[in-house]
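The structure appears below as structure tokens.
Order of the sequence lines fixes the chain letters, A, B, ..., with proteins taken first and strands second; residue numbering starts at 1 for each chain.
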2 protein chains.
Amino acid sequence: MDSHLHNPLSASGTDGREERGDRTAQALLESARSAFAVHGFAGASVRDIAGDAGVNPSLVRYHFGSKEGLYRRVLDSAMEGLRERLLAAAAQPGAPRQRIHRVIGLYLEHLASQRDIPRLIQRALLNREPYLRELVSNYLQPLLQALKPFIATPLHPRLGSLEDVIISMFGAIIAPFLYEPLLVDLFDRDVLSERALEKRRRHIEALVDLTLDELLHHPGA
Amino acid sequence: MDSHLHNPLSASGTDGREERGDRTAQALLESARSAFAVHGFAGASVRDIAGDAGVNPSLVRYHFGSKEGLYRRVLDSAMEGLRERLLAAAAQPGAPRQRIHRVIGLYLEHLASQRDIPRLIQRALLNREPYLRELVSNYLQPLLQALKPFIATPLHPRLGSLEDVIISMFGAIIAPFLYEPLLVDLFDRDVLSERALEKRRRHIEALVDLTLDELLHHPGA
DNA sequence: AAAAAAGTTAACCGATTGTGTAAATTTCTC
DNA sequence: GAGAAATTTACACAATCGGTTAACTTTTTT
């Protein structure tokens, strides 16, 4: 069926020269990432994506096989390199708390530099796409295993299990990116400006410290 | 254009008898709520919704004017009554902290009993639908005004402003509902079971207390 | 320069989309 | 029971969807 269909964006194989096909595939990827983030997979049309990229719609099939193939590549490219950077940050020397702060800071930085990512992942979550299992096993599971020994702790009398704490911190980290349009209306100020995000990073750091202190020393009952 | 188009579900006007049209409108609403939550507005088709409700697709136009009219009614019905219950919980006598816990507990209960809501709101957020402004001014703004005097506080040296704390708590509260498919894979256990949600409620309560203590007394620098 | 490969284009396909319309049916009113 | 109103049905519409094909142009290879 799909006879040739050479995989594009092959990191420009032998030499560093960028080929013609690579450029159009890259343009399609960028337009698609934005379109899928804004309108979702079902809401974004191949024609619109190609139009935005200034390219013929049929090239989607040529370069990516199908709309779904393009979508997969968008998700992959959005996550590219993150796994290695996160694990490296977790493995770097330092006190456990410093490592955790580094990982969180890196993740916040990644979200801030690629604003489409939270929405892409959130849409994948809402649609319960099978891609999520990869995301879990590739990113979250290794990260959890790398960080868990630092905070191995029995049940806390009030905070409960470590899982609950992780869920809360994860929700708190992602919140401003996901609820931005709502928060702008509620607080009447930009929550994704560079200033706000740096403020946010310090807040998360404090919140993590607060819960870690409570979790590790659990003084109160 | 749309000449007659009587509004259905009029709470059965004079007598308590449920009319034929009300029943089909109700069936459409229920099917639509599920379909919009699962597939999104663009992904859910009028024909599928009507088919699931066992009803002719044209009745969507008759009862709700259009697909978008149906969608609006779905959002309204999902939020119905929540505002009054939340404000009543906030206004009930008791210590400020108890009021906050009541509001949060009520909200968690509402999310738990209507699992479609987090997904519907999240999709509305992702699509930046204008409906969100209503949601803010009808639910969040009044709630914020009702709770704010209890925790009026200057900037905390580490946690930052009250807004940041609210954002984090909000993210933590919603997290298990939104990230459920991901968390099931990650922790290999149900995070939305009745047991897990009660555990979750206690955890959130502790987390709120922890941050409120820090916010109000801000002992550490 | 000829041949092969890679990339691009335009046109078309069947399926599905939301919506509109007019007639048929049911229910209510008198 | 006749007439009016409310509700339901079947059918058609224009538009859009993703996908397919074949011809065309550009680039690379020989």
*asked:* Could you tell me how far apart B:Asp48 (CG) and D:dC17 (C1') are, to the nearest whole angstrom?
replied: 15 Å

_For atom NZ of A:Lys67 and atom C1' of D:dC17, their distance in whole Å_ = 8 Å

*Electrostatic pair B:Arg128-A:Glu180, nearest N-O below 4.0 angstrom*: yes

*From D:dT21, D:dA6, D:dG18, nucleotide with atom closest to B:Tyr62 side chain*: D:dA6

_Between the base of C:dG18 and the side chain of B:Arg47, is there a donor and acceptor pair under 3.5 angstrom?_
yes

*Do A:Arg202 and A:Glu205 meet the salt-bridge criterion of a basic N to acidic O distance under 4.0 Å?*
no

*asked:* Between A:Arg72 and A:Glu68 (salt bridge meaning N to carboxylate O under 4.0 Å), is one present in this structure?
replied: no

*asked:* Considering every strand and a 4.0 Å limit on heavy-atom distances, what is the contact class for B:Ser45: base, sugar-phosphate, or nothing?
replied: sugar-phosphate

*Rounded to whole angstrom units, what separation is found between the CG atom of A:Leu28 and the P atom of C:dG7?*
13 Å

*When we call it a touch if two heavy atoms are under 4.0 Å apart, what does B:Ala42 touch: a base, just sugar-phosphate, or nothing?*
nothing

*Does any donor-acceptor pair link the side chain of A:Thr24 with the base of C:dT8 at a separation under 3.5 Å?*
no

_Interatomic distance where CZ belongs to B:Arg61 and C1' belongs to D:dT7 [whole Å]_ = 14 Å

_Between the side chains of B:Arg85 and B:Glu109, is the shortest nitrogen-to-carboxylate-oxygen separation below 4.0 Å, so that they form an ion pair?_
yes

*With the side chain counted from C-beta on, respond yes when A:Asp48 and A:His39 share a heavy-atom pair under 4.5 Å apart, and no when they do not.*
no

_A:Leu70 CG - D:dC17 C1' separation (whole Å)_ = 15 Å

*Let me know the distance between CD of A:Glu68 and P of D:dC17, rounded to the nearest Å.*
18 Å

*Any B:His63 side-chain N or O less than 4.0 Å from OP1/OP2 of D:dT8*: yes

*Among D:dG19, C:dG20, C:dA10, which is the nearest nucleotide to the side chain of A:Ser58?*
C:dA10

_What is the distance, to the nearest angstrom, from the CG atom on B:Asn56 to the P atom on D:dT8?_
9 Å

*asked:* Rounding to an integer number of Å, can you tell me how far B:Phe41 CZ sits from C:dT17 P?
replied: 13 Å

